Amino acid sequence: MSQQGIFTRVFLLEILKGLSLTFRKLFAKPVTVQYPEQKKPLAPGFRGRHALVRDPETGKDRCIGCYRCAQVCPAQCIFIETERDPETRKRIVKRYEIDALRCIFCGYCEEVCPVNAIVLTEFYEYSGYSRQDLYFNKEKLLQNWDEFIVTQKRPYFNPFWRPRGIPVEKLPAPKRKAEGV
Amino acid sequence: MAPTLEIIKKQQTEDIWDEPYFVNMGPQHPATHGVLRLFLELNGETIVRCDPRIGYLHRGVEKLSEFRTYAQDMLLTDRLDYIASAANNVGYCLAVEKLMGLEVPRRAQILRVIACEMARIASHLLWLATHALDIGAMTVFLYCFRDREWLLDIFEMMCGARLTVSYPRIGGVRMDVTPEIIDELYKFTEEFPKRIPEYETLIDVNRIWLKRTKGIAVVSGQEAVNLGLTGPSLRGSGVPYDLRRSVPYLIYDELDFEVAVEFEGDVYARYRVRMKEMREANKIIRQCLDKLSGTEGEPVLAENAPDLLMPFGKIKRPQAAPHPKKGYVVRGVELPVVPEGEVYVATEVPKGELGFYIVSDGTGHPWRMRIRAPSFVHISAIPAMCEGQMVADLIAVIGSVDIVLGECDR
Ligand code: SF4
Ligand code: SF4
């Protein structure tokens, strides 16, 4: 064994090198986030809890009951019921429910919705004591939106409402000129 | 009394026993990277026979895919190898695009390569973290997670999710990147090559690490090919086979990178291959970012790409013009959504060769989809690799072939 080899073996050089690295890290800036007190800023377009957008003009949801989201949902967790207004023949959304426990947070629903009525908000801290707590009906979904929008800068625009770089011909007409709320 | 019980009783009552005895390792063992159960026949501390039992994470992805449209199936592929989900998505999308004859825009191709290579780095970092932790190096684990977190943050900026990204879609990608993401990626590619030596200082020459990995589970090149190993596990045995090079897809043929190869074929060699690959992946991301600036403003979705909302069955169109006297003779024409046929596309994911074999009958959902998962093949190679080794080395062997049970059991 060469002299160098003996030297390394006896004085555990490589271990000392490793220890010096960890020792240096003692004084480096910590990368940890003290979670409940401190929160990491989320990127825009984070796919979190669902909400139905409350239209600032009408104060109601924007959903037109076209069933696209329910059809595209791979987990089949959106349930919609509609009926026709007997006089104006307009479609009324009677029931709009999302089972958040089955959702896989793919974002397909907000991407196909032609009027941007549904959105996955940048809010992830929610839990419930029972399955019912995470079964959102229409009122709960609108309430989710109210809870979420007060934390945001207005106008709020979700990237999935008009995905960047998608040619306009591929988008439904209302999505092409979608604006923040 | 059952024979196993007899053996246990004998083991408890007698001082010396010379016949082999049986040990169950897993399914809830932290070093099995999921829920793998290994049934071991031991002679003292030497492994006589090892018998992997799989299926604890079976979700029936292949069967499920027959009841969803092609666009929805892409989300199932996220859940195969959940550590590198972007790479799986790309493989699946390439298969469907080949079936449909779609041409993906150049910008989308570059973005896909970036996503793939980011997934490769993230996967190798997680592999290094857990592999080192299994063998006993705790610090590397923390450093690797620190850097993986950065990549996950970039994924979050790109598409809104951290783990199950579903970033590509059939015919392109879901969203273009913003300048901030490109800046962040530039920062990452600058910084990351400086981080790799940190891990290497800790374990590369560490004598405990070397004792645990050098000369363990040696597989020669011929054996590795016979066992069906792919990816870094094969390249650790000196076979320079990389699908990115040998069957280039996306824009890999334009990129300048080296195929990482080591010749020893032991656990240490496989570790070296992955470290080299991380450096190469970093180089690839860098080159792609430079290419990306040349395609500013181009669309990221093909003109004739299918919508997310695909029809499940065939498209039904009414007959173009009614017959002047008889009205509609045929009540509608059925058009295929995806051309009939079958296709096999293999891509190089961090674990090895991931293949998608899709049979289409013209409807909007696969008639049959079969996934060739690298982890499945690698698990079947574990018995051959660990025979005659010590029990403690088994941990190193499982770690070195890099398995993810979500992909193996599907
Ligand atoms: S995010 Fe995906 S799974 Fe969840 S409700 Fe929307 S479409 Fe369904
Ligand atoms: S796609 Fe939009 S408008 Fe149509 S039903 Fe769903 S939420 Fe309502």
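Numbers restart at 1 for each chain; the letters A, B, ... are given by sequence-line order, proteins then strands. Since the model is a prediction, treat every value here as computed from it, not as a measurement.
Looking at B/Arg107, there are no atoms closer than 4.5 Å to chain A (heavy atoms on both sides), in backbone or side chain. A/Gln71 touches chain B through backbone and side chain together, each having a heavy atom under 4.5 Å away. If you measure heavy-atom distances from A/Leu19 to chain B, you find no contacts under 4.5 Å at all. The contact between B/Ala302 and chain A is made entirely by backbone atoms, counting heavy-atom distances below 4.5 Å. At a 4.5 Å heavy-atom cutoff, B/Glu180 makes no contact with chain A through either its backbone or its side chain. Of the atoms belonging to A/Cys73, it is backbone heavy atoms, and not side-chain ones, that fall under 4.5 Å from chain B. Looking at B/Leu308, both its backbone and its side chain come within 4.5 Å of chain A, counting heavy atoms on both sides. Using a 4.5 Å cut-off between heavy atoms, B/Asp78 does not touch chain A at all. If you measure heavy-atom distances from B/Asp147 to chain A, you find no contacts under 4.5 Å at all. If you measure heavy-atom distances from B/Met74 to chain A, the contacts under 4.5 Å come from the side chain alone.
Side chains of A/Val31 and B/Glu149 form no contact here, defined as non-hydrogen atoms less than 4.5 Å apart. At least one side-chain heavy atom of B/Leu301 sits less than 4.5 Å from a side-chain heavy atom of A/Pro167. Here the side chains of B/Arg79 and A/Ile104 are in contact, with some heavy-atom distance below 4.5 Å. Contact annotation: the side chain of B/Leu309 never approaches that of A/Tyr108 to less than 4.5 Å [non-hydrogen atoms, C-beta and beyond].
No more than 12 heavy atoms of other residues, nucleotides or ligands lie within 6.0 Å of CD in A/Glu57, so this atom counts as exposed by the packing criterion. With a 6.0 Å radius and a threshold of 12 heavy atoms from other residues, nucleotides or ligands, A/Phe23 has its CZ atom at or below the threshold. With a 6.0 Å radius and a threshold of 12 heavy atoms from other residues, nucleotides or ligands, B/Glu66 has its CD atom above the threshold.
Residue A/Lys40 comes nearest to B/Asp153 through the heavy atom pair NZ-OD1, 2.9 Å, listed as atom of the first residue, atom of the second, then distance.
Comparing B/Arg174, B/Arg146, B/Arg68, B/Met157 by heavy-atom pairs within less than 4.5 Å of chain A, the highest count is held by B/Arg174. Highest contact tally toward chain B, considering only A/Gly45, A/Ala75, A/Gly48, A/Ser20, is held by A/Gly45 [criterion: heavy-atom pairs under 4.5 Å].
Look at A/Glu111 and B/Arg169 and you find a salt bridge, because one of the NZ, NE, NH1 or NH2 atoms lies within 4.0 Å of a carboxylate O, short of that distance.
Judged purely by atom type and a 3.5 angstrom limit, B/Glu156 has no side-chain atom pairing as donor or acceptor with the backbone of A/Phe46.
With hydrogens and angles left out, the side-chain atoms of B/Ser166 and A/Arg47 include a donor and acceptor closer than 3.5 Å.
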